[in-house]
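Read the structure below first, then the notes.
Every chain is numbered from 1 and lettered A, B, ... according to where its sequence line falls, protein lines coming before strand lines.
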Amino acid sequence: MSGIWDLFTNMLGPWEWIWFGLIPPAILALYFLKLRRNPRIVPSTYLWRRALEDFRVNSLWQRLRQNLLLYLQLALVASLMLACLRPGWKGSSRSLDRTIFLIDNSASMSATDVAPNRLESGKKAVLERIEGMRPGDVAMLVSFSDHARVEQPFTNNLAILRRRLSEIAPTERRTDIREALRVAAGLANPGRTSSDAGDIQSADPLPADVVIVSDGGFPSLEDFSWGNLRPTYISRGDPQATNLAILALGAEPDPTQPDRLNAFVEIHNFSNAPSTTDVLLKEGETLIDATTQVIPPAATVSVEFSFASPASGEFTAELSVADVFSLDNRAFFAIRPPRKARVLVVTPGDPALDKVFGTEDAGKLAELTVLSPAEMSGPKYLELLASDALNLVIYDRCAPPKSPPTNAMYLAAVPPGDHWHLGEMGTGPQIIDQDVMHPLWRFIGLGNVTIATAQPVTAPSAGRILLDSNLGPLASIAPREVWEDLVFGFSLLAQDEKGEPFANTDWPIRISFPLFFRNLTEYFGGMDSNPHGLVRPGDIVSPRIPPRSDALVVQGPSESGAASPSRFTIAVVEGRAEFHDTERLGLYQVTAAAGGSTATPVDRFAVNLFSRLESDVAPKESIETSWTKVDASKGWETKRTDLWRWFVAAALVLLLVEGHIYGRRLGG
Amino acid sequence: MPPGNELLPASLMLRLERMELVSRKIFRGRMKGERRSRRKGQSVEFADFRAYVPGDDLRFIDWNLYARLDRLFLKLFLEEEDLHFHALIDNSPSMAFGDPSKLAIAQRIAAAMGFIALCRSDRLRLSALGDLTGGAAAPLRGRHNVRRMVSQLEAIEPRPLKRFRDGIRDFCLRSAGKGIVVLISDLLEKEGFEAGLRDLVARDYDIYVVHVLAEEELRPDFHGDLKLIDSEDADEAEISVSRPLLDRYDQTLRTFLTRARDFCVKRGIGYVLADPRLTVEQLIVTHLAQRGLVR
């Protein structure tokens with residue numbers, strides 16, 4: 001019963017209700033006391049009485065018609081009384097005033113635990129709110145994944161809002177709400193200027209409601225203040241949702257069998273129960289290997305595969321489980337195409353260098369040209385430099401008059417200019433430190449290397465010491481424009497007092513020597529077989545640029561619903577190219593634009609999600625900042641829907657009807 | 001010819017003087033008039049023979065027949081008698097309504113028909129239903145009494161009438177003769193007009209009923225909430241005028257008119273509804289002529 005009374009909000013006091021309540025009885029009394037009837041003498045009431053008898057006999061409707069005006073008057077008073085009671089209810093419609101809808105369209109919003117998916121469910125909730133907008137209300141639509149996009153600035157045009165809302169499509173990106181909140185906060189919380197006149201606000205604050213429709217799969221908001229924003233968080237997703245996800249996929253050449261790869265797949269179980277799945281390794285649609293894994297709840301399992309290196313240079317790992325979030329059930333790996341480094345060695349002659357670059361394996365890695373220092377002034381040297389094809393020039397005990405337009409390595413010499421210096425020659429330096437984190441020292445330890453003589457290297461301020469000794473740095477690397485210079489303070493060969501060459505170090509006979517030169521060619525030669533690193537949707541990739549290319553073609557995964565792969569053409573500007581359209585998860589191939597569709601790929605990369613936040617599909621129940629917590633709203637913050645206006649309108653209509661009927665009766 | 005007046009315009013008199021009243025029954029009058037009577041009397045028109053009995057008038061013996069049959073027979077002749085025409089006017093208070101009033105219309109009808117009767121030397125007697133105490137007016141005969149007829153008619157005023165039947169009965173008691181009776185009334189008797197008319201029918205009159213109703217009775221133009229007061233018995237009826245009520249009244253009126261007509265037709269009473277939109281001339285020349293009262 002109390003539920004019924006919740007519908008009413010009384011506007012009148014007791015005495016007012018008493019007076020109001022006297023009106024209906026007064027109407028009844030006046031009506032039946034009556035009616036002033038005009039007396040009229042007629043010849044005879046004989047026929048009138050007969051007519052009245054028949055008239056009255058006829059039914060309730062006639063009786064009703066006789067008192068219709070009375071009923072209308074009573075209904076009018078009843079409508080006004082109800083209006084004074086202010087009936088209404090808390091409904092889903094609400095005055096939206098100024099509202100900013102932040103709609104999460106990141107990868108996790110494509111989870112299907114809510115039909116058809118979280119994003120569509122969220123859009124539907126937003127649409128309901130938009131439909132409840134009243135004249136004067138304005139709304140803005142902002143979609144966000146790891147970056148925000150204003151889909152529609154403030155407008156009160158419902159048709160435009162509906163259209164823009166329907167156009168918000170899911171992405172495969174991660175989630176970062178901060179940019180979206182900055183957009184919203186920028187409106188509600190204008191900045192302040194500071195001038196000689198004092199601290200003034202740059203614009204009037206415009207408080208707004210911000211409605212965040214998301215599953216909460218974004219990092220916590222540190223140091224964020226809502227200010228004039230009134231946040232509402234609409235959570236989408238099933239709290240009981242579970243998911244298996246591939247969080248990492250890597251591959252390394254088998255060191256003992258270079259034509260085989262060792263791959264590892266890291267799988268996490270985002271649920272409270274163990275999950276079983278098949279882990280499939282595929283090259284295209286061809287199954288390479290498979291295994292079945294049981295993953296304990298909330299645990300990570302790493303699965304390893306060893307397989308022949310795929311000819312296509314690409315492979316995928318897939319989980320057979322069908323869960324609510326399928327984007328993380330596949331991971332992609334691309335092996336960058338091998339590319340020979342073009343190396344120029346300028347040396348007066350060094351058997352060790354000859355030997356290290358002369359092996360069959362070295363031949364696979366590098367294309368070598370050897371010149372003598374005297375030829376640095378010759379046409380061939382200049383031609384090579386001008387070809388823009390060199391990846392590395394090694395200056396052995398010599399230095400060019402001008403730094404080459406490529407990477408350079410100096411043995412017992414320094415690049416031209418004042419930035420590098422070699423110190424005083426010392427003997428028997430002891431290697432005390434090695435920057436093993438640098439790729440040049442991968443798999444290399446120089447602890448067993450002896451050096452007869454060396455000069456400490458002083459690198460520019462941006463330089464990095466790679467090898468340190470008791471005499472000082474023996475090797476350093478520093479950037480120069482877009483290249484790098486690597487300087488060793490010792491040579492492989494030295495000359496005695498008689499001018500006879502002798503081995504200045506035993507490094508060439510150490511296993512680390514050929515490994516170093518392999519690392520060297522890989523590092524400077526750009527034929528790093530390592531992938532581009534973790535490339536996520538939206539990341540910018542700088543692919544390899546083949547010599548004399550001014551454009552590249554990047555072929556990526558098919559767009560949703562498209563039969564053919566996507567193709568993009570990017571320009572090469574000043575030796576660099578950047579690819580931005582990494583929206584879709586999958587494998588990408590880069591070819592030279594001039595090579596046509598059959599060109600051999602010059603580069604490959606894979607775009608993977610690999611995000612624990614995205615794969616942990618359980619929706620968050622609140623959004624927390626350093627100071628506040630906004631709990632997920634079960635529905636719209638309801639506001640009372642008043643109906644009193646309708647009752648007043650009904651009273652007016654009844655008044656008009658009564659007047660019309662009365663007028664008709666007067667006119668017969 | 002006397003000059004016309006409101007009751008009897010000169011133009012109407014011109015028309016009416018060529019007409020005569022016709023009775024569906026030939027009645028024996030007291031005086032010799034212009035009517036053929038079935039009673040065999042002394043006139044120029046041979047009617048029949050009968051055997052001579054001692055004491056009969058020898059002047060009427062048919063000697064030709066005696067010569068042939070050697071028996072004595074008397075000739076019988078149709079006797080011309082006068083017609084008694086009674087104009088019985090309902091002067092109850094309800095007849096005072098209308099514009100012109102129903103009473104005025106009744107007076108005009110009675111004047112017109114009375115004029116015809118006087119022109120034909122019929123015996124005219126004017127009576128009013130409400131004149132229970134004053135008695136009937138003196139009978140009139142001859143054209144020279146037109147003015148007196150008009151005066152008598154003009155003297156008829158609305159009078160309270162206890163019952164319609166009482167008025168009829170009083171007329172029947174006062175009028176010993178036979179003849180044509182034209183009752184001019186609205187028949188709005190709450191106890192019913194049938195009893196009164198039956199009394200008339202029982203007297204073997206040649207009865208005609210001219211049913212007069214006012215415009216406000218035939219087509220009431222009422223509005224709003226009214227208290228209708230009966231002019232005769234002060235009965236009250238409260239009405240809220242509405243289209244359905246007016247429709248129902250119209251239906252009741254038509255039922256009433258149909259009942260009156262059917263009652264009259266069944267009893268050989270000539271019935272004419274005197275719509276106030278009709279002129280007296282139209283009523284008499286067309287409607288009463290169709291009914292056979294005048295020609």
Rounding to 0.5 Å, atoms CZ (A:R50) and OG1 (B:T252) come to a distance of 8.0 Å

As an exercise, state the distance from CG of B:L187 to OG of A:S44, rounded to the nearest 0.5 Å.
11.5 Å

Look only at the side chain of B:D230 and the backbone of A:T45, and say whether a donor-acceptor pair between them is shorter than 3.5 Å.
yes

Tell me which of these, B:K227, B:E236, B:E232, has more heavy-atom pairs under 4.5 Å with chain A than the rest.
B:K227

In Å and rounded to the nearest 0.5 Å, what is the NE2 to CZ distance from B:H223 to A:R40?
8.5 Å

Which pair of heavy atoms, one from A:P43 and one from B:S231, lies closest together, and at what distance?
O-OG, 2.6 Å

Given that the side chain runs from C-beta out, which part of B:F256 has a heavy atom under 4.5 Å from chain A: side chain, backbone, both or neither?
side chain

For the residue pair B:R259 and A:Y46, what are the closest heavy atoms and their distance?
NH2-OH, 2.6 Å

Is there a side-chain contact (heavy atoms from CB on, under 4.5 Å) between A:V42 and B:I229? Walk through the geometry before answering.
CA-CA 6 Å; A:V42 293; B:I229 303 171; over 6 Å; no

With B:R163 via salt bridge (Lys or Arg N to Asp or Glu O under 4.0 Å) - residues at least two apart
B:D166, B:E191

Are A:R49 and B:D235 within salt-bridge range, i.e. N to O under 4.0 Å?
yes

Verdict with supporting geometry, B:I239 and A:L52, side-chain contact (heavy atoms from CB on, under 4.5 Å):
CA-CA 8 Å; B:I239 63 169; A:L52 280 174; 3.4 Å; yes

I'd like to know whether CG of A:L655 has more than 12 heavy-atom contacts from other residues, nucleotides or ligands below 6.0 angstrom.
yes

Rounded distance [0.5 Å steps], CG in A:L47 versus NZ in B:K190
10.0 Å

What parts of residues 213-221 of chain B touch chain A if we use heavy atoms and a cut-off under 4.5 Å?
B:E216, B:E217, B:P220, B:D221

